[in-house]
Amino acid sequence: MKKISNKLINWIDERYDLTPVRNLLQHKKVPMHRHSVWYYMGGVTLFLFMVQLFTGILLLLYYRPGEDSAFESVRFIVTEVKFGWLIRNVHSWSANLLVFFAFIHMFSVFFSKAYEKPRELTWVTGFIILVFTLAFGFSGYLLPWNELAFFATKVGTDIVGVLPLVGEPLKVLLRGGEDVTGATLSRFFGIHVAILPAIFSFFLALHLIFIQRQGMHEPEKFKNLPEEKKKYIPFFPDFALKDLLLWVVVFNILIFLALYFPWELGNKADAFAPAPKGIRPEWYFMFMFQSLKFLPPHLWFIEGELFGVIAFGLIGLVWMLIPYIKIKNRQNWKYQPLTILGVVAVVFIFIMTILGYIL
Amino acid sequence: MKLDRRKFLNMLLGIGGIGGIVSIIYPIVSFLNPPKSAEPKVNSLKAGLNSDFPENTSKILKFGRKPVILIKTGKDQYKALSASCTHLDCIVQYKQDTKQIWCACHNGLYDLNGRNVSGPPPKPLEEYDVKLIKEEIVVTKLG
Ligand code: HEM
Ligand code: FES
């Protein structure tokens with residue numbers, strides 16, 4: 001067995017030169033310190049993305065987009081197809097965990113300042129991935145064509161319409177027409193299963209290549225330790241195995257959630273029925289949604305909603321460009337301004353999300 | 001002289017290149033923009049018999065592709081309003097107990113004339129004309 005695999009590796013090595021792979025496996029090491037746990041968050045996110053790809057492709061075999069078939073096909077999947085309910089529940093739960101871990105990953109990178117030179121582009125590609133992750137969530141939400149999703153999509157796409165000039169055309173482009181109809185569903189389907197996976201994979205590949213080229217970020221405290229005090233573990237096999245162990249744990253949590261907390265299908269959307277109570281976006285949009293609700297109808301001369309949309313857009317842009325923002329670090333400052341900004345962001349998201357559910 | 005020729009050729013290439021890119025992008029963008037659907041122009045709609053419609057109730061009519069809410073406010077008395085909330089496009093409903101129009105999405109309230117009275121809606125609901133022709137309810141677009 002060992003012989004055959006050695007032969008195979010030699011065969012490939014002779015033709016394609018495996019030095020880079022060997023270097024990676026033999027020399028990559030991971031620093032060990034108090035905050036090493038955070039190194040695993042990106043990996044968990046990656047794992048969940050693979051789960052999404054896999055379950056998504058399975059669902060694709062039975063799902064049929066269209067006003068008269070989408071809801072029915074999802075009902076068919078969860079009632080008739082063997083283990084269809086499991087695949088659907090895993091896809092829904094994993095999507096939510098994915099967003100959750102992507103946020104955890106992002107904030108851990110933020111607070112450990114891993115975005116600083118030379119990892120600026122790792123941060124930027126990561127942010128782009130996160131935006132596309134949210135787009136995955138938004139487009140996927142509509143696909144079962146149920147009441148809740150129908151009205152949430154109406155609201156979500158209507159918000160785009162408040163932008164001056166580009167708002168209306170953009171809304172029509174998103175909806176595939178004036179209103180949310182079967183045309184919107186076709187569009188979201190195409191976006192969710194073809195356009196996004198293609199673009200996402202591209203940026204994910206960049207993100208991962210950058211990480212492999214540069215190795216793990218070492219926090220300030222760790223870097224300043226004397227050489228002999230710095231502890232590392234090899235990436236392969238030690239870190240990879242720990243990664244794998246965590247993936248198994250997350251996988252079990254995922255299956256537990258999918259088994260005991262099935263995702264509801266609700267009622268089929270009806271474009272000519274009043275919106276039911278309890279229309280809300282997915283939890284990861286809740287903080288934006290809730291903030292918009294708090295804005296008065298008019299702020300000075302512009303509409304409150306427009307103000308909110310522009311504000312979130314600008315904040316997103318600044319957040320993406322964080323590595324390029326230089327603030328002099330004064331000795332007498334106890335906390336760095338950027339760290340305070342991050343804490344404010346986390347607290348804001350947290351409070352607004354909670355308010356969104358209790359108000 | 002030689003350099004100038006190179007410059008000239010580069011410019012030509014550049015123009016050609018831009019032209020090529022535009023001729024690819026333009027059809028794609030146009031393709032993404034959905035065609036205006038030939039919406040059947042609906043100007044009026046028969047909404048059933050007066051006698052079949054209980055007082056203090058409502059129903060949503062399909063006015064072409066637009067939802068319209070028809071409310072029977074009293075004996076032979078009707079109100080018809082656009083059912084698309086002016087806030088963010090949800091479909092409104094009639095509240096029998098308070099005799100108001102309510103949007104469940106963000107708690108928007110309108111009175112029976114369609115005026116936005118509380119919550120986030122920025123504008124009133126568009127009003128439609130209702131006539132009784134013999135016993136038939138006929139809803140017509142105003143203006
Ligand atoms: C689907 C989403 C994402 C996946 C699958 C993913 C995957 C990964 C993986 C596997 C790592 C290496 C392990 C680690 O440091 O945790 C990593 C590192 C990193 N990620 Fe992500 N990531 C995602 C989203 C993001 C986001 C949203 C950001 C920030 C805006 C980001 C910024 C970074 C940075 C700066 C590093 C380098 C940290 C270091 O070297 O220690 N990533 N990512
Ligand atoms: S959509 Fe009606 S109140 Fe917001």
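Protein chains get the first letters and strands the later ones, always in sequence-line order, with residue 1 at the start of each. Keep in mind the model is a prediction, meaning the values are calculated, not measured.
F294(A) CZ: more than 12 foreign heavy atoms inside a 6.0 Å radius. Heavy-atom neighbours of F53(B) CZ from other residues, nucleotides or ligands within 6.0 Å: above the threshold of 12. Other residues, nucleotides and ligands place no more than 12 heavy atoms under 6.0 Å from the CG atom of L165(A). For F350(A), the CZ atom counts as loosely surrounded, since its 6.0 Å shell holds 12 or fewer non-hydrogen atoms of other residues, nucleotides or ligands. Applying the 6.0 Å contact sphere to CD of E264(A) captures no more than 12 heavy atoms from other residues, nucleotides or ligands. Surrounding OH of Y26(B) are at most 12 heavy atoms belonging to other residues, nucleotides or ligands under 6.0 Å away.
Ranked by heavy-atom pairs under 4.5 Å with chain A, the first of P34(B), S84(B), C90(B), C85(B) is P34(B).
Put simply, CG on L292(A) and CG on L88(B) are 8.5 Å apart, with the number rounded to the nearest 0.5 Å. To the nearest 0.5 Å, atom NZ of residue K293(A) and atom CG of residue N107(B) are 8.0 Å apart.
Among all heavy-atom pairs drawn from G64(B) and F272(A), the shortest one is O-CZ, 4.2 Å. Across P276(A) and A104(B), no two heavy atoms sit closer than the pair O-CB, 3.5 Å. N33(B) approaches V172(A) most closely through the heavy-atom pair OD1-CG1, 4.2 Å.
At a 4.5 Å heavy-atom cutoff, I69(B) makes no contact with chain A through either its backbone or its side chain. Using a 4.5 Å cut-off between heavy atoms, A152(A) does not touch chain B at all. For K277(A), the parts lying near chain B are the backbone and the side chain together; criterion is any non-hydrogen pair under 4.5 Å. For a residue to count as touching a neighbouring chain, one of its non-hydrogen atoms must lie under 4.5 Å from one of that chain's; by this rule E305(A) touches chain B with the side chain only. Residue contact with chain B, scored on non-hydrogen atoms closer than 4.5 Å, is absent for T157(A). Interface remark: R280(A) contributes no atoms to any contact with chain B (heavy atom separation under 4.5 Å). At a 4.5 Å heavy-atom cutoff, the contact between A273(A) and chain B is made by backbone atoms alone.
H87(B) is not listed as a side-chain neighbour of V155(A), based on a closest heavy-atom distance of 4.5 Å or more. Inter-residue side-chain proximity for C105(B) and K154(A) is flagged as unmet; no heavy-atom pair is nearer than 4.5 Å.
Between K171(A) and D89(B), no side-chain nitrogen of the basic residue sits less than 4.0 Å from a carboxylate oxygen of the acidic one, so the salt-bridge criterion is not met.
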